[in-house]
Amino acid sequence: MRLAFGKRTVFDGMSCRMAKGKIHLLLGGSGTGKSTLLRMIGGLQRPNSGEIRVAGHLLSEKSERELGEIRKGIGMLFQNGALLDSMTVLENVGLPLREHLRQPWPEIATHVARVLKSVGLEGVEGLLPRHLSGGMLRRVAFARAIVMEPEILLCDEPFSGLDPINVSRIEDLLVELNRKLGLTIVVTSHHMASSLRMAHQMILLRRGGCVAGTPEELASSSDAEVTDFLGEDGRSYLARLHELRSGSAS
Amino acid sequence: MIGAIRELGARVTAGVEGLGRVARFGGHLVGAVPRPPSRFGFFVRALFDAGVLSVALICLSGFTVGMVLGLQLHTTLTRFGAEEGLGAVVGLSLVRELGPVLTGLLVTGRAGSAITAEIGAMKSTEQLDGLRMMAIDPLHFVALPRALALTIAMPLLNGLFIVFAIAGAYGVGVWRQGLDGGVYLSGLEDAVLFGDDVGQSLLKSLVFGLLLGLISTYKGHSCAPDAAGVARATTSTVVTASVCILLADYVITALWGV
Ligand SMILES: Nc1ncnc2c1ncn2[C@@H]1O[C@H](COP(=O)(O)OP(=O)(O)OP(=O)(O)O)[C@@H](O)[C@H]1O
Ligand SMILES: [Mg+2]
């Protein structure tokens with residue numbers, strides 16, 4: 001797959017697979033194309049050449065209407081939240097329920113309250129997005145992404161701007177969604193510890209392409225760029241995690 | 001020389017391409033009208049923003065324009081000893097031309113620009129992409145109710161403008177210049193025909209509303225997603241819609257007369 005904005009090539013000869021029902025961690029320096037890759041998976045951005053398949057559908061062949069059908073099974077958390085700023089939190093999070101399931105508002109309200117509670121928010125339903133703090137905004141946007149219980153969840157920086165308690169809350173939620181509902185999750189994050197803890201697969205973007213592998217594989221990689229990116233902390237953390245996992249397995 | 005020709009060619013191609021895009025956008029918009037769910041709540045809100053909030057501006061402008069017309073025309077008509085004709089002249093010029101055109105231009109500045117700016121800001125903060133990811137068509141959700149609201153609001157505001165302008169001219173003509181009120185009103189009544197004059201007025205304002213609705217939502221949807229882009233799109237809405245309204249005014253007037 002190849003993508004360029006004018007003369008700026010973002011991806012060239014990039015190719016990767018993300019297995020169903022797993023948590024994938026997208027890594028890469030700022031500006032390497034993590035958000036762009038998520039937008040492409042969501043069909044918001046088309047590649048210049050090459051193909052993208054989501055659950056067997058070839059996105060480049062689909063009309064906007066057909067993409068809509070596919071997107072009903074995808075939840076997306078945008079890097080800046082992308083909440084509708086003229087609507088309250090309740091209306092924002094409840095919007096997909098209202099649109100696609102035609103639920104009545106009282107039912108939506110209880111559903112939304114439950115989802116908001118799971119991201120650690122209570123009593124904010126009546127507020128407008130501009131009255132929320134940055135971290136609250138991200139969690140509301142996260143609630144909107146998961147409210148329809150999609151099969152695929154794309155999260156752009158779910159942990160940025162959150163305190164440690166909420167980071168671990170979102171992390172637990174992601175792991176639980178993955179375990180209980182078998183969600184396929186793609187996360188981009190700079191929050192090494194929590195992302196490494198939950199990831200089944202890591203994809204490191206670099207120079208238009210990518211290196212993919214399990215955390216263990218990447219940790220033992222001898223590729224200088226990979227080891228640089230993970231850093232000393234990341235590698236020792238992974239090694240410890242590896243010991244723990246093999247320890248608990250035996 | 002070759003460069004200049006090439007430049008001209010590129011400009012023309014870009015212009016035609018732009019027209020094509022507007023037409024396609026308009027086609028999508030019309031196609032979205034019957035599609036469920038109905039956006040009645042959003043439509044009412046857009047009608048309030050575009051229509052109700054413009055009422056004060058329209059009334060005040062209408063009244064002022066009427067006063068000026070009353071003063072100017074009365075002086076001119078007196079010169080020919082035809083001041084009884086004031087009602088007829090004021091009525092005809094307002095109903096057929098000034099009402100729809102001035103309302104169109106005022107609403108363009110007041111509501112059309114705001115709609116472009118709002119949609120442009122939604123685009124630049126990825127709100128439209130957010131809607132698309134929720135499998136909601138932004139055209140159906142954002143653009144359609146606003147375009148419809150402008151189309152409906154324009155004839156209503158036009159009527160309001162004309163009524164206030166007629167009142168303004170009455171005030172000046174009768175109270176200031178000492179014309180007989182009955183003469184003014186009966187001249188008005190005799191001159192303005194429902195089918196011909198009021199019909200033309202309605203048609204014009206409907207077309208202007210439609211044009212403004214299409215242009216303002218299209219410019220919002222197609223603007224560059226940053227602050228400068230939104231600013232350019234807003235200016236462009238005002239310029240394009242004003243020119244289109246004036247052009248359409250001529251076309252309708254010419255065709256109506258045939
Ligand atoms: N609409 C666009 N037009 C032109 N260039 C773009 C556009 N969107 C993204 N880019 C370019 O694509 C590259 C990747 O951007 P992207 O937002 O995907 O980065 P990212 O990996 O998400 O970075 P970050 O970690 O800072 O969020 C950037 O270099 C950016 O300049
Ligand atoms: Mg990004």
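We name chains A, B, ... by the order of the sequence lines, and we start the count at 1 in each one.
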A:Glu64 portion near chain B, given a 4.5 angstrom heavy-atom threshold: side chain
Measure distances from A:Leu83 to the heavy atoms of chain B and classify the residue's part below 4.5 Å as side chain, backbone, both or neither. backbone
Out of A:Asp85, A:Ile74, A:Ile70, which one racks up the most heavy-atom pairs below 4.5 Å with chain B? A:Asp85
If you count heavy-atom pairs under 4.5 Å between each of A:Lys72, A:Arg65, A:Arg144 and chain B, which one has the most? A:Arg144
Which members of residues 115-150 of chain B, sorted by number, sit under 4.5 angstrom from chain A on a heavy-atom basis?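 The residues closer than 4.5 Å to chain A, in numerical order, are B:Met122, B:Thr125, B:Glu126, B:Gln127, B:Asp129, B:Gly130, B:Leu131, B:Arg132, B:Met133, B:Met134, B:Ala135, B:Ile136, B:Phe141.
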Using a heavy-atom cutoff of under 4.5 Å, enumerate the residues of residues 32-52 of chain B that contact chain A, numbered in order, or state 'none'.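 Within residues 32-52 of chain B, near chain A: B:Arg35, B:Pro37, B:Arg39, B:Phe42, B:Arg45.
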Greater than 12 external heavy atoms within 6.0 Å of A:Arg102's CZ: yes
A:Glu151 CD: over 12 foreign heavy atoms closer than 6.0 Å: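 12 or below, so no.
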